[in-house]
Asker: 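Quick one: structure below, then a few questions.
Counting starts at 1 for both ligands and their atoms, following the listed order. Bear in mind that the values here come from a model prediction, so they are computed numbers and not experimental data.
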Amino acid sequence: MKLRIMTPSDIRQGYQLWKKAGLDVVSYKREKLEVKNVLKLNSSSCFVMEDKGNIIGTVLGAFNGRRAWIYHMAIHPDHQRKGNGWLLLQKTEEALKKLGATKILVGVLPTNKKALDFYQKRNFSIMDHALALQKDLWSK
Ligand SMILES: CC(C)(COP(=O)(O)OP(=O)(O)OC[C@H]1O[C@@H](n2cnc3c(N)ncnc32)[C@H](O)[C@@H]1OP(=O)(O)O)[C@@H](O)C(=O)NCCC(=O)NCCS
């Protein structure tokens with residue numbers, strides 16, 4: 001198992017993994033554009049985990065100067081529940097802290113019990129005083 005910084009050339013394989021892990025991804029075109037931007041702006045806090053040359057885990061840690069967000073935390077179903085998610089999360093927390101982040105946020109669907117348990121066991125708490133709102137600026 002190898003943990004390393006994610007690069008744009010990992011996006012294609014990453015996309016297959018995200019779909020396999022059940023992440024709510026958008027089109028490949030949009031993901032590629034967005035993830036490329038995240039990697040450009042966060043060159044020390046986005047990681048992949050490899051097993052025998054295959055990507056089996058990803059995480060994007062994005063710091064905007066005030067808050068840090070985690071996106072695309074995913075472990076291949078064959079490699080889940082073995083501590084791999086924790087390794088990736090720990091590495092990302094360290095990298096974001098080094099950049100100056102003092103709080104990390106992550107969006108999780110209320111039905112995603114696996115992820116809710118995962119993050120809460122790692123001392124993330126559910127925000128009960130705020131809702132996330134969104135506006136879509138994507139045009140094809
Ligand atoms: C969430 C996810 C990244 C966890 O990765 P993982 O490698 O399986 O997690 P770990 O093995 O490091 O597990 C750490 C802890 O998370 C919790 N957890 C992990 N999988 C779980 C499951 N299936 N059910 C309940 N809790 C779970 C447990 O508390 C576990 O600790 P334990 O094994 O000592 O009980 C992985 O399940 C995944 O990729 N899910 C699909 C994609 C996804 O939903 N990502 C999150 C988007 S916000």
Side-chain angles (χ1 to χ4, degrees):
M1 219 62 88
K2 188 176 146 191
L3 236 166
R4 62 164 174 82
I5 290 287
M6 184 169 183
T7 68
S9 61
D10 296 320
I11 296 173
R12 185 169 289 281
Q13 236 198 93
Y15 190 71
Q16 298 308 320
L17 168 68
W18 301 330
K19 286 203 292 190
K20 211 156 216 160
L23 278 190
D24 200 11
V25 284
V26 291
S27 70
Y28 179 68
K29 185 181 172 190
R30 183 170 175 177
E31 287 286 342
K32 190 175 162 194
L33 181 84
E34 292 175 351
V35 175
K36 253 187 171 172
N37 283 335
V38 173
L39 297 179
K40 199 163 145 190
L41 293 167
N42 299 275
S43 58
S44 64
S45 52
C46 301
F47 300 95
V48 295
M49 185 175 268
E50 280 181 329
D51 181 44
K52 296 171 192 136
N54 297 314
I55 294 177
I56 60 110
T58 64
V59 59
L60 304 175
F63 181 48
N64 65 21
R66 182 161 191 265
R67 295 288 177 245
W69 280 86
I70 285 180
Y71 304 102
H72 290 24
M73 162 63 75
I75 299 292
H76 188 286
D78 295 347
H79 297 269
Q80 288 181 9
R81 217 65 204 258
K82 295 175 179 165
N84 292 320
W86 272 20
L87 272 181
L88 268 182
L89 185 61
Q90 190 183 19
K91 188 89 178 159
T92 313
E93 283 183 18
E94 282 167 13
L96 291 170
K97 203 170 170 191
K98 220 171 175 178
L99 290 172
T102 58
K103 191 181 272 191
I104 304 177
L105 296 107
V106 60
V108 181
L109 291 174
T111 49
N112 192 349
K113 184 174 161 15
K114 249 198 310 201
L116 286 172
D117 285 354
F118 172 74
Y119 286 114
Q120 286 181 102
K121 215 167 169 188
R122 193 76 206 182
N123 296 325
F124 282 69
S125 54
I126 294 173
M127 292 167 71
D128 51 13
H129 61 287
L131 292 173
L133 282 82
Q134 64 175 2
K135 180 173 179 176
D136 205 330
L137 302 176
W138 175 255
S139 53
K140 283 163 207 154

Asker: Would you mind writing out the side-chain donor-acceptor pairs for residues 86-95 within the sub-3.5 Å range, not counting sequence neighbours?
Answerer:
unit_1	atom_1	unit_2	atom_2	d
T92	OG1	L88	O	2.6

Asker: Check E50 against I56 and note the closest heavy-atom contact, atom names and distance.
Answerer: C-CG1, 4.3 Å

Asker: Under the ring pair (Phe, Tyr, Trp, His ring centres under 6.0 Å) rule, collect the residues that match up with Y119, sequence neighbours excluded.
Answerer: F124

Asker: To the closest 0.5 Å, what do you measure between CZ (R67) and CD1 (I104)?
Answerer: 11.0 Å

Asker: Members other than L39 in its cluster, when Ile, Leu, Val, Met, Phe, Trp, Tyr link by side-chain heavy atoms under 4.5 Å?
Answerer: M6, I11, Y15, L17, W18, L23, V25, Y28, V35, V38, V48, I55, L60, W69, Y71, L105, M127

Asker: Mind listing the N or O contacts between ligand 1 and protein, cut-off under 3.5 Å?
Answerer:
unit_1	atom_1	unit_2	atom_2	d
ligand 1	7 (O)	G85	N	2.8
ligand 1	8 (O)	R81	N	2.7
ligand 1	11 (O)	R81	N	3.4
ligand 1	11 (O)	K82	N	3.1
ligand 1	11 (O)	G83	N	2.7
ligand 1	12 (O)	G85	N	3.4
ligand 1	12 (O)	W86	N	3.0
ligand 1	24 (N)	R81	NH1	3.4
ligand 1	31 (O)	K121	NZ	3.4
ligand 1	33 (O)	R81	NE	3.2
ligand 1	34 (O)	K121	NZ	3.0
ligand 1	35 (O)	R81	NH2	2.9
ligand 1	35 (O)	K121	NZ	3.1
ligand 1	37 (O)	Q80	OE1	3.4
ligand 1	39 (O)	I75	N	2.8
ligand 1	39 (O)	I75	O	3.4
ligand 1	39 (O)	Q80	NE2	3.4
ligand 1	44 (O)	N112	ND2	2.7
ligand 1	45 (N)	M73	O	2.8

Asker: Should D117 and K121 count as an ion pair when the cut-off is N to O under 4.0 Å?
Answerer: no

